[in-house]
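Let me begin by presenting the structure, written as structure tokens, before commenting on it.
In this text, all values refer to a predicted model and were calculated from it rather than measured experimentally. Chain letters run A, B, ... following the sequence lines, proteins first, then strands; residues in each count from 1.
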Amino acid sequence: MPVFRKPESIINTAGYCGGCGHGVIQRLIAESIEELGLQDHVIGCVDIACSFWSQDALNFEFIAGPHGRCAAVATGIKKVRPDATVYVHAGDGCSYVIGLSETIYAAIRDVPITMVVVNNGIFGMTGGQLNLATTLIGDKTLSSKAGRDPKTMGHPVDMLKTIANCDVAFAARGALYDVKHIDETKRYIKKGFQNQVENRGFSIIEVLSPCPTNWKLSPVDAMAKIKNETEKVFPVGVYVDRGGKD
Amino acid sequence: MSVDYVLMKGNEAIAEAALRAGCRFYAGYPITPQSEILEYMSVHMAKRGGVFIQGENEIASMSMLFGAAACGARCMSSSSGPGFDLKQEEISYLSAAGLPAVLVNAMRYGLGDGEITAGQDSYWVSTRGGGHGDKRLLVLAPASVQECADLTYLAFDLAEKYRNVVEILSDGAICQMIEKCVLPEPREHDMNKFDWALTGKPREARKNKAYNLSYYMGYEAYDRYMREKIESMFENEQRWEEFMLEDAELVLVAYGISSRACRSAVRQARRDGMKLGLIRPISVWPFPRRAFAGVPDSVRGYVSVEMSITTQMGEDIQLATEFSKPLYAYLTSKEIPTVEGIIAYCQEILAGNIKPTEVL
């Protein structure tokens with residue numbers, strides 16, 4: 001009978017809130033790395049927001065640099081340590097707002113790294129402000145208390161479509177609201193690492209992830225919101241799979 | 001034995017000396033008057049097995065450098081004026097994580113976009129700047145193409161010795177002039193030699209983290225470490241050149257391109273019977289305070305010669321001399337100071353027609 005084990009790369013608890021998706025994503029990253037046998041040569045790149053906790057939890061070397069610059073920092077690392085498995089675990093504020101340029105240019109350069117973006121539609125670490133790229137229309141945040149109004153704050157943007165304009169190896173979006181979607185997200189993340197092993201180019205996996213604390217919902221209701229609202233704006237699935245082309 | 005001179009631009013000498021020092025990562029964004037550094041690296045870096053990246057902007061270039069520096073590579077970036085402003089964020093992060101890096105700031109004149117011509121008004125952003133937080137950059141100011149090469153070569157060693165950012169503070173004249181130069185010997189750098197670098201270690205090994213040193217050392221130990229490091233740099237890294245100080249009545253203080261006009265002015269003035277001397281800071285941080293201890297009693301005042309609107313270095317001269325003598329400032333803004341101009345200004349000082357400068 002299969003035994004459900006904790007990946008050995010997880011060596012510590014992390015500081016995530018109850019019901020947060022970051023811990024699940026961190027685990028999927030650890031599982032993917034171990035299943036591909038890569039855990040002895042990994043450099044992780046986290047942002048100085050919620051994903052930062054991952055560097056205390058996982059038994060890898062880590063770098064945490066300026067907020068939003070993860071894709072550029074990881075580019076510098078991969079260029080001088082091309083044999084290492086280099087990945088980014090960062091939020092949607094880092095990857096799509098303050099660091100959108102860094103993310104897009106990592107895609108344009110087609111740097112063979114694996115970038116995992118946590119789309120929870122809010123600035124979590126700073127207490128729950130609007131995310132210009134991902135907060136849904138009407139959602140109330142600390143900086144949009146009457147709800148996001150597209151007249152003044154614009155619309156959320158499907159950044160994977162933007163990234164799909166670049167010639168990248170892989171771009172996909174998963175979600176965490178049920179086991180089926182967690183399994184699918186895991187396949188995407190593992191594919192992102194497999195691409196790196198084969199030096200295929202830039203892989204980005206966005207994950208629709210709950211932030212019950214700042215959404216002010218129970219963990220169960222937060223999952224329901226993703227299924228009923230978020231996924232309608234940000235459809236899951238594969239956006240780019242370049243396959244064998246190098 | 002013959003010495004192999006080459007004729008080079010200051011910018012090229014910086015780039016070639018960096019490569020010979022084992023620099024194998026460069027990222028930067030074009031800006032006059034230092035784009036030749038980026039262009040030189042784009043041609044020659046790959047031949048030495050290194051990485052050249054033209055960044056999408058200064059911030060991204062520096063973030064890439066941050067990653068490469070954390071891996072132990074010898075790294076360089078370069079810019080000027082408004083471009084160097086954009087590097088401040090990562091200078092603070094590099095300093096927080098104790099990562100070595102060499103940056104070049106080829107000063108151009110003016111606020112905002114300013115002008116693309118030479119200036120020296122980035123003294124404060126270099127000696128006081130580097131983003132938020134408490135740290136010091138080692139700042140070296142070459143006054144010749146030879147020094148562009150020598151100080152850049154040295155900068156990589158100093159950066160690693162102190163795990164600190166080192167800045168080469170050149171200017172639009174020094175970086176653009178062509179002079180003869182003897183290049184240093186090429187050497188290889190082992191990016192695996194550090195116990196702090198990210199290498200991607202196996203599961204049983206102790207892992208390194210590139211982040212605020214304070215997070216891992218604890219704040220008390222970190223404060224002590226930083227204080228001791230800054231004191232050590234201040235004690236050991238003061239560099240300067242003295243020229244005809246004995247019996248001087250007025251001592252000129254100038255670095256970079258201005259110091260070259262000052263040297264000629266000292267010679268010319270002495271032929272005409274006016275006793276000038278020169279202190280040329282080579283390190284502007286640490287400012288060479290020690291140089292001022294040996295100045296003779298004959299000195300009636302100091303003259304800071306700078307290409308700026310107000311004196312920036314004057315404050316450091318006042319601190320070095322403990323306000324013991326009057327300070328004057330000959331400020332030429334976007335023009336390179338002339339020998340005649342410097343001499344005429346000094347004559348007016350000695351004739352009592354110029355009031356000492358207030359450092360504002």
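- Among B/I59, B/N208, B/V51, the residue making the largest number of heavy-atom pairs under 4.5 Å with chain A is B/N208.
- Contact check on A/E34 versus B/R203 returns no salt bridge, with no Lys/Arg side-chain nitrogen under 4.0 Å from an Asp/Glu carboxylate oxygen.
- The environment of CD in B/E220 is sparse: at most 12 heavy-atom neighbours from other residues, nucleotides or ligands sit within 6.0 Å.
- Using modelled atom types, no side-chain atom of B/E90 and backbone atom of A/P66 make a donor-acceptor pair closer than 3.5 Å.
- Taking every heavy atom of both residues into account, B/S63 and A/A72 meet most closely at CB-CB, 3.7 Å.
- By the 6.0 Å contact criterion, CZ on B/R227 is open, its count of non-hydrogen atoms from other residues, nucleotides or ligands being 12 or less.
- Between A/I63 atom CD1 and B/L99 atom CG the span is 6.5 Å, to the nearest 0.5 Å.
- Close approach to chain B, defined as a heavy atom under 4.5 Å from one of its heavy atoms, is seen in A/S101, A/E102, A/Y105 of residues 99-107 of chain A, taken by number.
- For the set A/K79, A/E8, A/R109, the count of heavy-atom pairs under 4.5 angstrom toward chain B peaks at A/R109.
- Atom CZ of B/R187 has more than 12 neighbouring heavy atoms from other residues, nucleotides or ligands inside a 6.0 Å radius.
- Taking A/I77, A/V42, A/I11 one by one and counting their heavy-atom pairs under 4.5 Å with chain B, the maximum is reached by A/I77.
- The shortest non-hydrogen separation linking A/Q55 to B/Y215 is NE2-CE2, 4.3 Å.
- The backbone N or O of B/F66 lies less than 3.5 Å from no partner atom in the side chain of A/R69, so there is not a single donor-acceptor pair.
- Between B/M191 and A/V80 there is a side-chain heavy-atom pair separated by less than 4.5 Å.
- In the displayed structure, B/L86 atom CG is contacted under 6.0 Å by more than 12 heavy atoms of other residues, nucleotides or ligands.
- The backbone N or O of B/G200 lies less than 3.5 Å from a partner atom in the side chain of A/E61, making a donor-acceptor pair.
- Most heavy-atom pairs under 4.5 Å with chain B, from the set A/T75, A/I108, A/N59: that is A/N59.
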Discussion item. Using side chain to side chain contact (heavy atoms under 4.5 Å, CB included), reason through B/Y211 and A/I48 one step at a time and then give a plain yes or no.
Written reply: CA-CA 10 Å; B/Y211 181 58; A/I48 49 168; 3.8 Å; yes
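- For A/F62, the parts sitting under 4.5 Å from any heavy atom of chain B are the backbone and the side chain alike.
- Chain A forms the most heavy-atom pairs under 4.5 Å with one residue out of B/G50, B/A70, B/A60, B/S61, and that residue is B/A60.
- Under a cut-off of 6.0 angstrom, the local environment of CZ in B/F52 is crowded, with over 12 non-hydrogen atoms contributed by other residues, nucleotides or ligands.
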